[in-house]
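We count ligands from 1, going down the list as the structure has it; atoms in each ligand are counted the same way. Quick note: residue numbers are just sequence positions, from 1. Everything numeric in this text was worked out from a predicted model, so none of it was measured.
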Amino acid sequence: MERKPKRPNRKAEQVEQFSRNNYNKPLTTNQGISIANDENTLKAGERGPSLLEDFMMREKLSHFDRERIPERVVHARGYGAYGTFRVYESQKALTKAHFLQDPSLETPVFLRFSEVAGSKGAAETVRDVRGFALKFYTEEGNFDLVGNNIPVFFIQDGVKFPDLIHAVKPEPNNEIPQASTAHDNFWDFIANNEESAHMMMWIMSDRTIPRSFRTMEGFGVHTFRLVNEAGKAHFVKFHWKPKAGIHSLVWDESQKLSGIDPDFHRRDLWNIIEAGGEAVWELGIQVIEEKDEFSFDFDILDSTKLWPEEEVAVRIIGEMRLNRNVENVFAETEQVALHPGNIVPGIDFTDDPLLQTRLFSYTDTQLYRVGTNHQDLPINRPICPFHNNQRDGAMRYIVDKGKVNYHKNSLWNNTPYEVNPKKGGFVTYPEKVNGVKIRKTAKSFVNHYSQARLFWNSMSSWERDHIANAFSFELGKVMSKSVRKQMINQIGRVSTELATVVAKQIGVQPPTTTESKERRSSPALSMAHQPESVQWLKVGVLLTEGFDGPETKRVVDRLKSEGVQIEYLSEKQAKVDGTDQVSFIPDASFLTGSPLLYDSIYVAGGKNPDAYSVGQMDYFIREQFIHYKPIGVAKSVEPILRKLGIVGKEGVLVNQNEDFLQHYLRALGKQRFFARI
Ligand code: HDE
């Protein structure tokens, strides 16, 4: 696919500066020696022993032997893209951060999506929390908002993070299962660490099986501070709201997709950006005045709690557009070093104990994983100049000139010089602290069930069904009867109804615990009502010889004009002729394609009804149907629907009158029809 030209972007220009184009160039060693033969090792005679002096072979293989760096201990499977951020109006009253002042300023960003549990090669559609980690390359330095697609976390204190991650990863004695929480250790951890109760509800919801990177929300999770020019601070939480709405897969689909297309999410984003499209989110903030720190029935420093949007409104303040793919996944996405400790003047930390531990861990892991000078790599360096007296270390390639490399000095007039706070020098927010040294969880952190229940109360009936099924699947895979029982009691502290349904399904006694008394709900937590957009949805058009040419073309043209992506499928990948000289070349055959890859299918029919009897057409329709997706068919295909017993079901539409396209587009916009089965 040919790349579309993009608007100038300072970060892209900087990366370009360090890029190398190898096309049509002579082959050389790293020392610049031209290579005459890259296919044969130097040997003593054609059939003789290889010679140690072969510096070309040695250089090539020893570099290859070191091509991998350690994968991230969590969030190893990730994918990134560049874009820009723009604030809608100045946020001066709240923060002095330069990139949040001027609506005409476009700040380059890089966003890395990730999965937490799996290894670097894990399938992308498994059930998992997703990382949503952003680097803003601002003119005052890098600001990283390293968040997730879920607004709360499993634990309250980062010292427990290694335990959580040990429990979620494949079990150490047999390294099973890959990229899945459906095993004993994970649920043993959840059952015995009550603070995870809220998070367990989120991870069992469809949030952990997103349809696309583009259809996920992002959250900064922690409470941060915004600080204005006058030094006044507010507490803040960051939200990313996807313009495409929040949409997820269903469990059966996500499991099958893990095999059919383990790269399902990255392929979606990559293709859309290559086609000149964008993925768009709006940035929202929730703001709490310092004086209101203790006005809530949860502690605002506790990362297992969210701030209900109905209590603290989300104000939309800007927009991010992702529109540029990387050139080289290793150099950019793998080597990017995202770090919640990268903040700019006008943004500051709070005493959230989870955040505080992260501030240590990310530097530490990056020094180990990428290396001492990781900050100098093109993907990591800021777009503004940076100068200091840090020197040397492995792979240092900045050539610092001159003899002075220390502060304070007189030889260079004490430069690089410290920057006056009025001119942008970073000053930590002068928070007053007072306390005895102690290892203890604050009393205000110990209500673990109210918000877990709030989440449950806020779900629609199909969301509740999916949550109950997810628990039944996951706990059904737990071998230990004791852990299953403990978990049923744990769920019972959130909802007796939910725990009882799951208990029945997994063959243990109903809960003996008492459920939370929380009766409030927060409609904003439900995914049930989303904007109806068809842009970038993917429709598979199924063709057989003699399909109705003009009718099919009318459907395809209209869908394309609404921004839908079309792919043609047929028995073989050779040209298929329809009536009136309309023909299409399939993008996939029934062998290489799959119904799982499409948001909907349109079955265009054909003159030979026997062409449908191969079973493939039935399979495509049935899979779409059981995954609640819209289906459109030509009139001649109705008999198949009848055979499958799905005529007239919601979202199943026959192209038999004028307003078919209008109905079909509406059905596409809805995306799923959960009530129909
Ligand atoms: Fe991370 N986390 N984390 N985390 N995290 C890492 O840093 C850690 C936490 C998140 O795309 C690591 O460079 C601790 C919360 C994302 O490169 C590591 C604690 C949230 C990414 C690390 C947490 C996150 C990471 C592994 C408990 C949501 C991927 C490799 C205090 C707000 C970033 C690396 C990327 C990566 C530590 C908890 C999000 C080991 C100690 C909460 C999105 O440093």
Q. Looking at ligand 1, does G147 have a heavy atom less than 4.0 Å from it?
A. yes

- V336 near ligand 1 by a heavy-atom separation under 4.0 Å: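 No, that is not the case, since the closest heavy atom of the residue is not under 4.0 Å from the ligand.
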
Original post:
Counting only heavy atoms not in Y397, do more than 12 sit closer than 6.0 Å to its OH atom?
Top reply: yes

**Message:** Tell me whether the count of non-hydrogen atoms from other residues, nucleotides or ligands lying under 6.0 Å of CZ in R391 goes above 12.
**Reply:**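 Check passes, neighbour count above 12.
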
Quick one: which ligand 1 atoms are inside 4.0 Å of a heavy atom on [X]?
X    : value
L338 : 11 (O), 17 (O), 35 (C)
G131 : 43 (C)
G158 : 27 (C), 31 (C)

[atom] [closest protein heavy-atom partner, distance rounded to 0.1 Å]:
atom                    : answer
atom 30 (C) of ligand 1 : R72 CG, 3.4 Å
atom 25 (C) of ligand 1 : H75 CD2, 3.2 Å
atom 28 (C) of ligand 1 : N148 ND2, 3.2 Å
atom 24 (C) of ligand 1 : R358 NH2, 3.1 Å
atom 13 (O) of ligand 1 : Q366 NE2, 3.1 Å
atom 41 (C) of ligand 1 : F161 CD2, 3.3 Å
atom 34 (C) of ligand 1 : T365 CG2, 3.4 Å
atom 11 (O) of ligand 1 : R112 NH1, 2.6 Å

Check: of L354, I150, T363, min heavy-atom distance to atom 31 (C) of ligand 1 comes from L354

- Task: Would you mind finding which of L164, V73, V129 brings a heavy atom closest to atom 40 (C) of ligand 1?
- Result: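 The residue whose heavy atom sits nearest atom 40 (C) of ligand 1 is V73.
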
Check your understanding: For S114, is at least one N or O under 3.5 Å away from an N or O on ligand 1?
Key ->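 Checking ligand 1 against S114, no N or O pair falls under 3.5 Å apart.
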
- Task: May I ask you to say whether K305 pairs ionically with D299, meaning some side-chain N is under 4.0 Å from a carboxylate O?
- Result: no

Q. Is it true that E319 and K243 have a side-chain N and a carboxylate O under 4.0 angstrom from each other?
A. no

Could you tell me whether W307 and F296 have their ring centroids closer than 6.0 angstrom?
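Centroid distance W307-F296: not below 6.0 Å, so no.
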
Mind checking whether F113 and F132 have ring centres under 6.0 Å apart?
yes

Of K120, R72, R266, E71, the one forming a side chain to side chain contact (heavy atoms under 4.5 Å, CB included) with R77 is R266

Exercise. Does the shortest distance from atom 1 (Fe) of ligand 1 to an N/O/S atom of Y362 fall below 2.8 Å?
Worked result: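 It does: Y362 brings an N, O or S atom closer than 2.8 Å to atom 1 (Fe) of ligand 1.
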
So, the side chain of E140 versus the backbone of H98: is there a donor-acceptor pair under 3.5 Å, distance only?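 Here the side-chain-to-backbone pair exists.
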
Is a donor on one side and an acceptor on the other found under 3.5 Å between the side chain of Q530 and the backbone of I246? yes

Rounding to 0.5 Å, atoms CG (D128) and CD1 (I203) come to a distance of 8.5 Å

The answer for which part of V221 has a heavy atom under 4.0 Å from ligand 1 is side chain

Please work out whether the ring planes of F99 and F143 are parallel, tilted or perpendicular, with thresholds of 30° and 60°.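 Ring orientation, 0 to 90° scale: tilted.
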
